[in-house]
Enquirer: 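One structure is given below, represented as structure tokens, and several questions about it will come after.
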Amino acid sequence: MTLVLDKLLEPIKDDMDSIESERHKHGNETFHWVDFVKILVVFFAKRIDSLNALATELEDNGTELGLPAVPQMTLSDGFHRFSPLLLRRLLKVALAKIDWIENPELLLLGQVSVVDGSVFPVIGGIKWPLPGEVADVVKLHLQFELNRMLPVDFLLGRRYSSERAALKDMLQFEVTYVLDRGYMSFSLLKDIMQAKAYVVMRVYNNVVVTSVDEREVLLPKPLQGVWGGVRDRLVRSEQGEGAGLVFRLVEFTVGDTEYKLISNRMEITTFQVILLYAYRWQIELIF
């Protein structure tokens with residue numbers, strides 16, 4: 001783990017030391033900010049789930065990691081003693097140094113983002129605006145850009161906060177959003193269209209639509225035997241809030257699993273619609 005920790009910290013080590021040397025210190029300080037940051041990295045890298053467990057980890061393995069054995073109360077105090085502006089400064093410097101990658105497969109498709117939500121535990125709890133309300137988890141609504149493979153936006157909410165509402169707050173002009181079927185809502189589809197954004201979204205297999213026009217199925221030859229029952233068409237919804245909406249429906253099977261994807265991107269091929277949805281797994285890897 002020591003080698004892993006050193007490798008993780010290597011790009012920011014000099015910046016951490018610089019911030020540590022410049023920050024204001026208490027006269028009798030024995031627990032330093034730079035060690036606090038390293039401990040946080042260990043906490044997330046080893047997926048430790050509480051401050052008590054973190055204190056135990058440091059007591060058992062801190063010497064091997066080059067870290068002090070810090071009691072739980074001192075760790076808790078660190079979140080109040082050390083200004084979050086220090087960590088924000090470190091992240092800003094680190095991000096400025098990164099040479100962002102580009103995904104050549106998506107280069108001609110514009111900005112493409114995957115959006116999803118997941119629940120995470122919060123160290124020490126988080127206070128919400130309501131008096132006396134403290135939550136032990138937070139829901140992270142994350143937008144992950146596929147072009148550069150990095151998070152570009154997020155919202156925090158309660159455990160059961162609405163993923164659809166969070167996406168509506170993040171919508172941007174001409175961005176293509178890739179979504180799983182938990183987001184399926186004709187109202188959301190309408191909001192995306194009105195924002196002049198785009199979507200590739202999986203829908204439930206029992207969706208009811210009326211065919212408007214069949215489209216040519218365009219797949220690379222090596223993949224024509226991978227997916228079965230491929231169909232690409234324009235359809236219209238006659239249901240509720242979706243009544244009158246015309247959109248694209250791409251259907252195919254992989255093994256025994258049937259997929260139905262809707263989109264308002266009309267200019268890309270059948271293969272590109274399927275490819276964009278396949279990329280959705282990247283956000284699961286981030287979570």
Side-chain angles (χ1 to χ4, degrees), residues 106 109 111-122 126 128 135-147 149-172 175-209 227 229 231-232 235-243 245-265 268 270 272-287:
L106 302 179
L109 299 183
Q111 183 179 336
V112 182
S113 290
V114 186
V115 178
D116 207 348
S118 192
V119 173
F120 293 88
V122 178
I126 184 170
W128 292 107
D136 60 352
V137 298
V138 65
K139 192 167 189 178
L140 172 65
H141 302 279
L142 181 67
Q143 180 180 170
F144 182 78
E145 185 190 299
L146 292 172
N147 307 74
M149 292 291 178
L150 78 158
V152 293
D153 199 1
F154 73 92
L155 292 171
L156 296 180
R158 295 172 173 83
R159 180 192 294 269
Y160 300 110
S161 56
S162 170
E163 295 184 355
R164 295 169 185 167
L167 174 60
K168 285 174 63 175
D169 287 339
M170 287 190 271
L171 288 177
Q172 293 182 329
V175 174
T176 299
Y177 296 94
V178 183
L179 311 171
D180 205 7
R181 55 188 172 187
Y183 283 87
M184 175 52 193
S185 158
F186 285 122
S187 176
L188 179 60
L189 178 60
K190 185 181 294 185
D191 289 332
I192 292 171
M193 290 179 171
Q194 289 176 347
K196 295 185 178 179
Y198 302 106
V199 68
V200 172
M201 174 167 56
R202 187 179 179 187
V203 297
Y204 292 100
N205 292 341
N206 61 355
V207 64
V208 178
V209 294
W227 301 307
R231 188 181 184 187
D232 190 347
V235 298
R236 182 176 60 249
S237 171
E238 308 294 353
Q239 295 181 323
E241 295 176 324
L245 285 179
V246 176
F247 48 90
R248 189 174 178 181
L249 176 63
V250 174
E251 303 164 275
F252 60 99
T253 59
V254 179
D256 296 328
T257 305
E258 182 180 356
Y259 291 85
K260 293 179 182 286
L261 308 177
I262 65 173
S263 179
N264 60 333
R265 289 204 65 167
I268 62 178
T270 313
Q272 288 171 325
V273 172
I274 298 173
L275 177 70
L276 289 180
Y277 183 74
Y279 268 117
R280 199 201 69 82
W281 188 249
Q282 293 299 318
I283 200 165
E284 301 293 350
L285 298 180
I286 290 294
F287 286 149

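This one's a predicted model, so the numbers in the text were calculated from it and none came from an experiment.
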Enquirer: How would you list all residue pairs meeting salt bridge (charged side-chain N to carboxylate O under 4.0 Å, His left out) that involve residues 178-187, not counting sequence neighbours?
Expert: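 Every pair satisfying salt bridge (charged side-chain N to carboxylate O under 4.0 Å, His left out) with a residue in residues 178-187: Asp180-Arg280.
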
Enquirer: Starting from the C-alpha separation in whole Å, work towards a yes-or-no answer on side-chain contact (heavy atoms from CB on, under 4.5 Å) for Ile274 and Phe252.
Expert: CA-CA 9 Å; Ile274 298 173; Phe252 60 99; 3.7 Å; yes

Enquirer: Surrounding CZ of Phe154 (heavy atoms of other residues, nucleotides or ligands, distance under 6.0 Å), is the total greater than 12?
Expert: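 No.
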
Enquirer: How many angstroms lie between OG in Ser187 and NZ in Lys168, if you round to the nearest 0.5 Å?
Expert: 5.5 Å

Enquirer: Mind checking whether Leu276 and Leu261 have side chains closer than 4.5 Å, heavy atoms only?
Expert: no

Enquirer: Between atom CG of Leu106 and atom CE of Met149, what is the distance when rounded to the nearest 0.5 Å?
Expert: 7.0 Å

Enquirer: Is any side-chain heavy atom of Ser118 closer than 4.5 Å to one of Phe120?
Expert: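 Heavy-atom side-chain distance check passes, below 4.5 Å.
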
Enquirer: Output the distance between atom CG (Leu167) and atom OG (Ser162), rounded to the nearest 0.5 Å.
Expert: 9.5 Å

Enquirer: So how far is it from Leu275 CG to Gln272 CD, rounded to the nearest 0.5 Å?
Expert: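 One finds 7.5 Å between CG of Leu275 and CD of Gln272.
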
Enquirer: For the backbone of Met170 and the side chain of Tyr177, can you confirm whether one donor and one acceptor N or O come within less than 3.5 Å of each other?
Expert: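 Checked: pair present.
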
Enquirer: Would one find more than 12 heavy atoms of other residues, nucleotides or ligands at under 6.0 Å from atom CD of Glu284?
Expert: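 Counting neighbours around CD of Glu284, more than 12 heavy atoms of other residues, nucleotides or ligands fall under 6.0 Å, so yes.
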
Enquirer: Any side-chain heavy-atom pair from Leu109 and Arg265 closer than 4.5 angstrom?
Expert: yes

Enquirer: With a 4.5 Å limit on heavy-atom distance, are the side chains of Leu140 and Leu156 in contact?
Expert: yes

Enquirer: Gln143 versus Val175: any side-chain heavy-atom pair under 4.5 Å?
Expert: yes

Enquirer: Tell me every residue that passes salt bridge (Lys or Arg N to Asp or Glu O under 4.0 Å) with Asp232, counting only those two or more places apart in sequence or in another chain.
Expert: Arg215, Arg248

Enquirer: Using residues 194-204 as the side-chain source, report each donor-acceptor pair under 3.5 Å to any protein atom, sequence neighbours left out, with the distance given to one decimal.
Expert:
residue	atom	partner	partner atom	Å
Arg202	NH2	Glu258	O	3.3

Enquirer: Are Phe186 and Phe247 side-chain neighbours, meaning at least one heavy-atom pair lies under 4.5 Å?
Expert: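 When only atoms from C-beta onward are counted, Phe247 and Phe186 do touch, with a gap below 4.5 Å.
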
Enquirer: Using a 3.5 Å distance criterion without hydrogens, assess whether the side chain of Lys260 forms a donor-acceptor pair with backbone atoms of Val207.
Expert: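 No, Lys260 side chain to Val207 backbone: no donor-acceptor pair under 3.5 Å.
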
Enquirer: In sequence, state the C-alpha distance, the side-chain angles, and the governing distance for Asp116 and Tyr183, and then conclude on side-chain contact (heavy atoms from CB on, under 4.5 Å).
Expert: CA-CA 9 Å; Asp116 207 348; Tyr183 283 87; 3.9 Å; yes

Enquirer: Look up atom CD1 in Ile283 and atom CD in Glu145, then write down how far apart they are to the nearest 0.5 Å.
Expert: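 One gets 12.0 Å once the value is rounded to the nearest 0.5 Å.
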
